[in-house]
Amino acid sequence: MVKLDRIYTRGGDKGLTSLVDGSRVAKHAGRVAAYGEVDELNATIGLIRLETAGLAEVDAMLGRIQNDLFDLGADLATPDGIEGALRVVDAQVTRLEQEIDAMNADIPPLRSFILPGGTRAAAFAHLARTVARRAERAISALAEAEAINMAALRYVNRLSDHLFVLARHLNDKGASDVLWVPGANR
Amino acid sequence: MVKLDRIYTRGGDKGLTSLVDGSRVAKHAGRVAAYGEVDELNATIGLIRLETAGLAEVDAMLGRIQNDLFDLGADLATPDGIEGALRVVDAQVTRLEQEIDAMNADIPPLRSFILPGGTRAAAFAHLARTVARRAERAISALAEAEAINMAALRYVNRLSDHLFVLARHLNDKGASDVLWVPGANR
Amino acid sequence: MVKLDRIYTRGGDKGLTSLVDGSRVAKHAGRVAAYGEVDELNATIGLIRLETAGLAEVDAMLGRIQNDLFDLGADLATPDGIEGALRVVDAQVTRLEQEIDAMNADIPPLRSFILPGGTRAAAFAHLARTVARRAERAISALAEAEAINMAALRYVNRLSDHLFVLARHLNDKGASDVLWVPGANR
Ligand code: B12
Ligand code: B12
Ligand code: B12
Ligand SMILES: C[C@H]1O[C@@H](n2cnc3c(N)ncnc32)[C@H](O)[C@@H]1O
Ligand SMILES: C[C@H]1O[C@@H](n2cnc3c(N)ncnc32)[C@H](O)[C@@H]1O
Ligand SMILES: C[C@H]1O[C@@H](n2cnc3c(N)ncnc32)[C@H](O)[C@@H]1O
Ligand SMILES: [Mg+2]
Ligand SMILES: [Mg+2]
Ligand SMILES: [Mg+2]
C-alpha cells in the first residue's frame, strides 16, 4: 500500500526515480512523463470541481474520473508483464461513453469549433480537455517505445471528448457557445 | 466545413490521428503536438477572459486572439504545399504589435523581471504568456523538422509579448508590479 | 542588469534565441525549455497566491519561492562554466525543507494518494506541484545532455514536495483530504 509520511526522501535528487516494480529510470523517461502528465490532468480536473461543487451529478462524474486517473497512473507506473498490476479496464471507458451520450443528447451539433471559455466551469473544462490531450500524446509516445495497456489510451482519448461535451453542458447546454469564424481577423 | 456532432469516433484509439489533408500521423507527431499546444494556449486565454469580461477593449482583443488561434491551428494542421489552406498572415501579427504599442505607451520600463501575479486577470495573463512560449517551442521544433508558414512563428512570438504587456496593463499599468531581486534569498 | 522596455524585438522570429552568455540556440533547445517550464511554474504559483493573500506566512513563503525561481531561471539560462553566474545554492533547498517540516508536523500521514482539489488554494497548489514536476523532468533531460548545477535539480524536487505539503496544509491540515481508492470504479 502507498504510504506518504516523510514526503521528501532526497532519493530523486539526481534525476532518477523508481517505478512500481522498483526499477530505476530517469525522471524524463517516457513512462514517468506519461504518469506525470496524468497527474497534471488530475490537478486540472480538481480546478473544474471548484466551480461545480453545487452540481451533484457533474461533481460525482468528476470524482470518479479523478479516482480512475490514479488507476491510470498506477497502470502507467507498472511496466508491462508485472503480475497483479492494477490496470485500467474497458468498463471505465464505457462508463465515460455513457456519460457523453447522456450529456450530448440535448446539445445541438456544431458547424465550427467553439472558442474555449464561457462559464467558469466550462472554461476550466476546456483547459482540462487540452491537458487530457497532452497526456494522451505522452501515452501515445510511450506506446511507440514500450508495450502498454491499450485501454489506457482509449480511456484518455474518451476523457478528452467527455470534457468537451461537459464544457458544452456547462455552457447552458451549448446555447452560449461562441464559434470560430475562419480567417475573420485577417 | 468542420462538423462536430458525435464527438467520439474511436478512430484515434490506437494513437494515430488525421491532419486536414487526411494523412495519418501519430498523436505525438510534431505537427499534432504543435496545434495541441495552441489549443491549450487558447483555453488559457479563455481563463483570462473570465476576469476581464467587464473591460470591453481587453475582452475584444482576447476574442480576436482566440479566433486567430484557430486560424493558427488550421494552419499547423495543414501540411505545407496544400492548395487553398487557411494560413496565418502578417496582418494578424501587425495587429498584435499595434495593440502592444498602445498598451505599452503609458507603462514605465522595467529594470528587472516581474514576479508573475497581481490582479486575477494579470496572473492568468502571465500564465497564458508562458503557455504561449511553450506553444512557440513546439512550433519551433516542428519548423526544424518540416516546412511551415513562418508567420505562424511570428504570430506566437508576438502573442507572448502581447500577453506580457497585457499583464502589466492589468496590474494597474505596472504600478503594482513586484520585481525580482537577484539572489535575495540565498 | 535586465532591462525590459520595448518588449518585442522581433529577434526571435525565426525560432532562435539567446542565452545569458549571448550564445544563440533554438527556442526548443533543452536549456530554453527548462527555464521556460520554470517560468510557467512561477506563473502557476502566482495563481496560488491569488487565494492565499490573507495568509501572511504562506504568502511570504510563496513570494520567496517566486523570487528563487528567477534565480533558478538565470542559473539555467547561463551555461556551465561562465564566471560570476547567478546560481541556486543549497541554502535555498534547506529553507524549503525547514518549511516542509514545519507544515508537516501537525498533518497526519497518508495511506493512499489524495485526489487533487479541496479549497481553492489547495487545488492550485496541487496544480503547481504537477507543473514543478514537469519542470523537473525538463531539467533532468537537460542534465543528461549538458552539465548543470545539481542544486537546481534538488531545488525543484524539493519544491514539488513543498507544494504537496502546502496543499494539505491548505486543506484544513489534511482533515478534508479525499483518498484514492484503487480500482473503485472498475
Ligand atoms: C507512481 C507513483 C506516483 C504517481 C502515480 C501514482 C498513481 N497511482 O497515479 C504520481 C505522479 C501521481 C505520484 C505522486 C506523488 N507521490 Co508517488 N509514488 C508512486 C510510486 C512509484 C508507486 C505508487 C503506485 O501507484 N503504486 C501502485 C498501487 C496500485 O500500488 P498499491 O497502492 O501498493 O496498491 C496495491 C496493493 O497494495 C493493493 N492494495 C492497495 N490498496 C489496497 C487496499 C486494500 C484493502 C487491499 C487488500 C489491498 C490494497 O492492491 C494494489 C494493486 O496491486 C510510489 C513508490 C512505490 N514504488 O510504491 C511513489 C511514492 C508513494 N510517492 C511518493 C510521493 C512523495 C508522492 C508525491 C507527494 C510527490 C509530489 N511531491 O507530488 C505525490 C502525491 C500525489 C497525491 N495526490 O497524493 C513517495 C512517498 C514518500 C513517503 N513515504 O512519504 C513514494 C513512496 C516514492 C518515494 N519517494 O520513495 N506518485
Ligand atoms: C485540426 C483539428 C483540430 C485542432 C485544430 C483546429 C483548429 N483550426 O485550430 C484542435 C486541436 C483545436 C481540434 C480540437 C477538437 N476537435 Co478537431 N479536428 C481537426 C481536423 C483534423 C481539422 C479541422 C480544421 O481546422 N480544418 C481546417 C479548416 C480551415 O477547414 P474547414 O473548417 O473545412 O474550413 C475550410 C472550408 O470549409 C472553408 N470554410 C470554412 N468555413 C466556411 C464558411 C463559409 C461561409 C465558407 C464559404 C467556407 C468556409 O474554408 C476553410 C478554408 O479551407 C478535423 C478533421 C478533419 N480532417 O476535418 C477534426 C475534427 C473536426 N475534430 C473533432 C473533434 C471531436 C474535436 C474536439 C471535440 C476534440 C476534443 N475532445 O478536444 C475538439 C473541439 C475543440 C473546440 N474548441 O471546439 C472531430 C469531430 C467529430 C464529430 N463529427 O463530431 C473531427 C472531425 C476529427 C475526427 N474525430 O474525425 N481539432
Ligand atoms: C533568460 C531570460 C529570460 C528567462 C529566465 C530569466 C530568469 N532569470 O528567470 C525568462 C523565461 C523568465 C524570461 C522571461 C521574459 N523575458 Co527575458 N530574458 C532572458 C535573458 C536571456 C537573460 C536574463 C537573465 O536572467 N539574466 C541573468 C541575470 C542574473 O543577469 P542580470 O540581471 O544582468 O544580473 C547580473 C548583474 O547585472 C548583476 N546584478 C543584477 N542585479 C543587480 C543589482 C545590483 C544592485 C548589482 C550591484 C548587481 C546586479 O548581478 C547579476 C548576476 O550576474 C535576457 C537577455 C539577456 N541576454 O540579458 C532576456 C530579456 C531580458 N527578456 C526579454 C523579454 C521581452 C522577456 C519577457 C517579457 C518575454 C515574454 N513575452 O514572456 C519575459 C518577462 C518575464 C517577467 N516575468 O518579467 C527581453 C527584453 C527586451 C526589452 N529590452 O524590452 C530580453 C532583453 C531578451 C531580448 N528580447 O533581447 N527571460
Ligand atoms: C480533433 C483533432 O485533433 C487532433 N488530435 C487527436 N488527438 C490529439 C491529441 N492528443 N493532441 C492534439 N491533437 C489531437 C486530430 O487531428 C483530430 O482530428
Ligand atoms: C526572454 C528570453 O526568453 C527566452 N525565450 C525566447 N523564446 C522562448 C520560448 N518560446 N520559451 C522559453 N524561453 C524563450 C530567450 O532566452 C529570451 O531572451
Ligand atoms: C512519487 C513518484 O513520482 C515519480 N516521479 C518523481 N519525479 C517525478 C517527476 N518529475 N515527474 C513525474 N513523476 C515523477 C516517481 O515514480 C516517484 O516515486
Ligand atoms: Mg481524441
Ligand atoms: Mg519571444
Ligand atoms: Mg520528487
Side-chain angles (χ1 to χ4, degrees), chain A residues 1-17 26-29 32-33 35-51 53 59 61-71 73-75 86-92 95-96 124 127 131 134 138, chain C residues 30 44 47 51 93 96-97 100-101 103-104 107-120 122-131 133-134 136-144 148 150-151 153-155 157-158 160-162 164-165 167-168 178-186:
Chain A
M1 193 174 298
V2 170
K3 197 173 165 199
L4 295 116
D5 45 5
R6 312 174 36 201
I7 308 306
Y8 66 92
T9 60
R10 302 195 180 96
D13 277 354
K14 291 188 173 126
L16 291 179
T17 194
K27 287 191 175 178
H28 56 281
V32 182
Y35 58 76
E37 301 274 322
V38 169
D39 192 18
E40 185 174 343
L41 167 58
N42 212 342
T44 312
I45 291 176
L47 300 185
I48 310 175
R49 293 184 79 186
L50 296 176
E51 314 298 339
D59 191 62
M61 287 194 295
L62 294 175
R64 282 190 297 265
I65 288 168
Q66 286 199 301
N67 200 83
D68 284 350
L69 288 177
F70 281 105
D71 296 349
D75 187 333
L86 181 63
R87 301 281 174 209
V88 167
V89 297
D90 272 315
Q92 291 168 296
R95 195 193 74 234
L96 292 181
F124 282 100
L127 182 70
V131 177
R134 172 150 54 84
Chain C
T44 312
L47 300 185
E51 314 298 339
V93 181
L96 292 182
E97 293 180 353
I100 293 173
D101 292 342
M103 288 189 287
N104 210 27
I107 296 180
L110 285 166
R111 302 205 304 179
S112 187
F113 292 115
I114 297 172
L115 302 197
T119 63
R120 294 190 68 81
F124 282 100
H126 272 293
L127 182 71
R129 175 183 67 72
T130 64
V131 178
R133 288 157 72 82
R134 172 149 54 83
E136 185 188 30
R137 296 193 296 273
I139 299 173
S140 136
L142 175 63
E144 194 177 80
I148 68 155
M150 292 301 283
L153 217 37
R154 286 190 284 275
Y155 186 87
N157 189 15
R158 214 64 83 251
S160 71
D161 290 336
H162 189 288
F164 176 75
V165 177
R168 297 196 70 200
V178 179
L179 298 186
W180 172 43
V181 181
N185 303 301
R186 294 198 312 161

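Fair warning: this is a prediction, and the values are worked out from it, not measured in the lab. Each chain gets a letter, A, B and so on, in the order its sequence line appears, and its residues count up from 1.
For C:Thr119, the part sitting under 4.5 Å from any heavy atom of chain A is the backbone (N, CA, C, O) and nothing else. Proximity to chain C involves both the backbone and the side chain of A:Ala33, based on heavy atoms less than 4.5 angstrom apart. Heavy atoms closer than 4.5 Å to chain C are found in both the backbone and the side chain of A:Arg64. Contacts of C:Val165 with chain A are made by side-chain atoms alone, with heavy-atom separations under 4.5 Å and no backbone atom involved. For C:Ile100, the part sitting under 4.5 Å from any heavy atom of chain A is the side chain, from C-beta outward, and nothing else. Contact annotation for C:Arg158: only side-chain heavy atoms (C-beta onward) come within less than 4.5 Å of a heavy atom of chain A. In this structure, the portion of C:Arg133 lying under 4.5 Å from any heavy atom of chain A is its side chain and not its backbone. Using a 4.5 Å cut-off between heavy atoms, C:Arg120 contacts chain A through both its backbone and its side chain. For C:Phe124, the parts lying near chain A are the backbone and the side chain together; criterion is any non-hydrogen pair under 4.5 Å. Neither the backbone nor the side chain of C:Leu96 has a heavy atom closer than 4.5 Å to any heavy atom of chain A. For C:Leu179, the part sitting under 4.5 Å from any heavy atom of chain A is the backbone (N, CA, C, O) and nothing else.
Between chain A and the options C:Ala123, C:Ala125, C:Gly117, C:Ala143, heavy-atom pairs under 4.5 Å are most frequent for C:Ala123. If you tally non-hydrogen atom pairs under 4.5 Å between each of A:Val2, A:Asn67, A:Leu50 and chain C, the highest count goes to A:Asn67. Most heavy-atom pairs under 4.5 Å with chain C, from the set A:Ile45, A:Val89, A:Asp39, A:Val32: that is A:Asp39. Note on A:Gly63, A:Gly36, A:Ala91: by heavy-atom pairs under 4.5 Å with chain C, the leading option is A:Gly36. Of the residues considered (A:Asp68, A:Leu47, A:Asp90, A:Asp5), A:Leu47 shows the highest number of contacts with chain C, using heavy-atom pairs under 4.5 Å.
Put simply, the side chain of A:Arg134 never gets that close to the backbone of A:Leu41: no donor and acceptor are under 3.5 Å apart. No donor-acceptor pair under 3.5 Å is formed between the side chain of A:Asp71 and the backbone N or O of A:Val88. A side-chain donor-acceptor contact under 3.5 Å links A:Lys27 to the backbone of A:Gly12. In terms of modelled atom types and a separation under 3.5 Å, the side chain of A:Asn42 and the main chain of C:Pro116 share no donor-acceptor contact.
Salt-bridge formation is not detected for the pair C:Arg154/C:Glu97: no Lys NZ or Arg NE/NH1/NH2 atom is positioned less than 4.0 Å from an Asp or Glu carboxylate oxygen.
Atoms OG1 and CD, on A:Thr44 and A:Glu37 in that order, are 10.0 Å from each other to the nearest 0.5 Å.
Note: A:Phe70 and C:Phe113 have parallel aromatic rings, judged against thresholds of 30 and 60 degrees for the angle between ring planes.
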